[in-house]
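The block underneath contains the structure these notes are about, expressed in structure tokens.
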2 protein chains.
Amino acid sequence: MANKIGYLSCLDTVKPVRDAIDVINGKWKLSIIISVMTGNERFTDIQGSIPGISPKVLAKELKDLEQHQLIKRVVIEDYPVKILYKPEPYADTLTPIIQALKVWGLTHRERIFSKA
Amino acid sequence: MANKIGYLSCLDTVKPVRDAIDVINGKWKLSIIISVMTGNERFTDIQGSIPGISPKVLAKELKDLEQHQLIKRVVIEDYPVKILYKPEPYADTLTPIIQALKVWGLTHRERIFSKA
DNA sequence: TATAGTACTTTCCTAAAGGAAAGCGAAATA
DNA sequence: TATTTCGCTTTCCTTTAGGAAAGTACTATA
């Protein structure tokens, strides 16, 4: 019954990475953030800019992102009432992640095509 | 019936980001890559280094990662047979993503704690 | 008056993710 | 001989993600 801890600890990386993934998980969240940061503010504009997203999913994810203070929902009391989605400053902190994923995605696609 | 395309296109970013997410999706893939890149090679070592992962999930994700050529499964014909998981060179290309997520996760956790 | 747009919600459904627990065949160890 | 270890697999079950389609309350426009 000797002490047996065979593995190398990697918790210092695994834990924060999982914290980040827990916020931006799912197929759609980063796309929505990209769209809003690009300047799309209206529900239908965001929906139009992201191929394949349904209104149900978009509504749900927008609420999620609002809770995490990555975007804010602004109600403009005009006639008719307008609703705008704007990026919060905190969303900017995601830029390095988005950039890294974009670069990787581009070279990955090249790799796939060149060997196909 | 005028032309109405109200939204700003962001496909040049959205598409590669989604390509990347399609490869490293799910709760566990990046953790497994981190563990293997840290030097864990045996099934039980990898499992031990990632809190909460079940053998079923680990086995499935290892197969996925092997298909994407991010790790390789090496069988060593000893007595007993040993099975090792090693990172492929391609896994290194994920380092910028992992770093960005790690940094973001760390500051996000600080942010949560400081306002709680 | 009829149609269209806006920002969703609702319902229904399927598929995938993932957790819990047990098992298993071979080999090593006590 | 009994137990433990390794690398899984199998079964069962619940949760979550997500797609399709329709609907809705309001307003604007033709």
Side-chain angles (χ1 to χ4, degrees), chain A residues 1-8 14 18 21-33 35-36 40-68 71-86, chain B residues 1-8 14 18 21-33 35-36 40-68 71-86:
Chain A
M1 43 164 73
N3 231 17
K4 275 216 188 173
I5 315 166
Y7 61 83
L8 303 164
V14 163
R18 287 223 20 206
I21 288 172
D22 286 346
V23 175
I24 57 164
N25 60 358
K27 198 172 164 183
W28 301 109
K29 285 206 187 64
L30 283 179
S31 291
I32 295 167
I33 289 171
S35 177
V36 172
N40 292 305
E41 302 189 315
R42 312 295 306 272
F43 190 91
T44 43
D45 287 347
I46 300 165
Q47 195 187 331
S49 73
I50 303 171
I53 198 167
S54 73
K56 188 189 88 173
V57 169
L58 179 54
K60 188 223 158 210
E61 299 289 45
L62 283 170
K63 281 174 196 155
D64 258 38
L65 295 172
E66 212 192 333
Q67 283 202 342
H68 284 293
I71 60 170
K72 60 169 175 266
R73 187 180 189 267
V74 183
V75 181
I76 301 208
E77 294 292 354
D78 247 349
Y79 298 98
V81 177
K82 269 186 188 178
I83 291 165
L84 303 182
Y85 295 93
K86 308 234 192 193
Chain B
M1 42 168 76
N3 232 14
K4 275 215 187 175
I5 314 164
Y7 60 83
L8 304 163
V14 163
R18 286 221 23 204
I21 288 173
D22 286 346
V23 175
I24 58 165
N25 60 357
K27 199 171 164 183
W28 301 109
K29 285 204 186 67
L30 283 178
S31 292
I32 294 166
I33 289 171
S35 177
V36 172
N40 291 305
E41 301 189 316
R42 314 295 305 272
F43 190 92
T44 42
D45 287 346
I46 300 166
Q47 195 187 333
S49 72
I50 303 172
I53 199 168
S54 72
K56 189 189 85 173
V57 170
L58 179 55
K60 188 223 159 209
E61 298 290 45
L62 284 170
K63 281 174 196 155
D64 258 39
L65 294 173
E66 212 191 335
Q67 282 204 342
H68 285 293
I71 61 171
K72 60 170 176 266
R73 186 179 189 268
V74 183
V75 181
I76 301 207
E77 296 291 356
D78 248 349
Y79 299 98
V81 176
K82 270 187 189 180
I83 291 164
L84 303 182
Y85 295 93
K86 308 234 192 194

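Every chain is numbered from 1 and lettered A, B, ... according to where its sequence line falls, protein lines coming before strand lines.
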Distance check needed: [N] [atom2] versus [X] [atom1], whole Å only.
X: A:D78; N: C:dT6; atom1: CG; atom2: P; answer: 15 Å
X: A:I53; N: D:dG18; atom1: CD1; atom2: C1'; answer: 10 Å
X: B:K82; N: D:dG7; atom1: NZ; atom2: P; answer: 9 Å
X: B:N25; N: C:dA16; atom1: CG; atom2: P; answer: 12 Å
X: A:D22; N: C:dG18; atom1: CG; atom2: P; answer: 11 Å
X: A:Y7; N: D:dC6; atom1: OH; atom2: P; answer: 13 Å
X: B:F43; N: D:dG7; atom1: CZ; atom2: C1'; answer: 6 Å
X: B:K27; N: C:dA17; atom1: NZ; atom2: P; answer: 13 Å

Just to confirm, is there a sub-4.0 Å distance from OP1 or OP2 of [N] to any side-chain nitrogen or oxygen of [X]?
X: B:Y85; N: D:dC6; answer: no
X: B:W28; N: C:dG19; answer: yes
X: A:R42; N: C:dC8; answer: no

Could you tell me if the side chain of B:L58 sits less than 4.5 Å from the side chain of B:F43, heavy atoms only? yes

Are any of the side-chain heavy atoms of A:V36 and A:L65 separated by less than 4.5 Å? no

Take atom [atom1] of [X] as the centre, draw a 6.0 Å sphere, and report whether it contains more than 12 heavy atoms from other residues, nucleotides or ligands.
X: A:K86; atom1: NZ; result: no
X: B:Y85; atom1: OH; result: yes
X: B:K82; atom1: NZ; result: no

Over all strands shown, is B:S54 touching base, sugar-phosphate only, or nothing at heavy-atom distances under 4.0 angstrom? nothing

If you take all heavy atoms of [X] and [Y], which pair is closest and at what distance?
X: B:R18; Y: A:P51; value: NH1-O, 4.3 Å
X: A:N40; Y: B:L8; value: OD1-N, 2.7 Å
X: B:I76; Y: B:L84; value: CD1-CD1, 3.6 Å

Just to be sure I understand the geometry, which residues of residues 55-65 of chain A put a non-hydrogen atom under 4.0 Å away from DNA chain C? A:P55, A:K56, A:A59, A:K63

What string of B, S and - do you get for nucleotides 24-30 of chain D 5' to 3' if you count protein non-hydrogen atoms under 4.0 Å? ---SS--

Using residues 21-31 of chain B as the side-chain source, report each donor-acceptor pair under 3.5 Å to any protein atom, sequence neighbours left out, with the distance given to one decimal.
| unit_1 | atom_1 | unit_2 | atom_2 | d |
| --- | --- | --- | --- | --- |
| B:N25 | OD1 | B:K29 | NZ | 2.8 |
| B:K29 | NZ | B:N25 | O | 3.2 |
| B:K29 | NZ | B:E61 | OE1 | 3.3 |

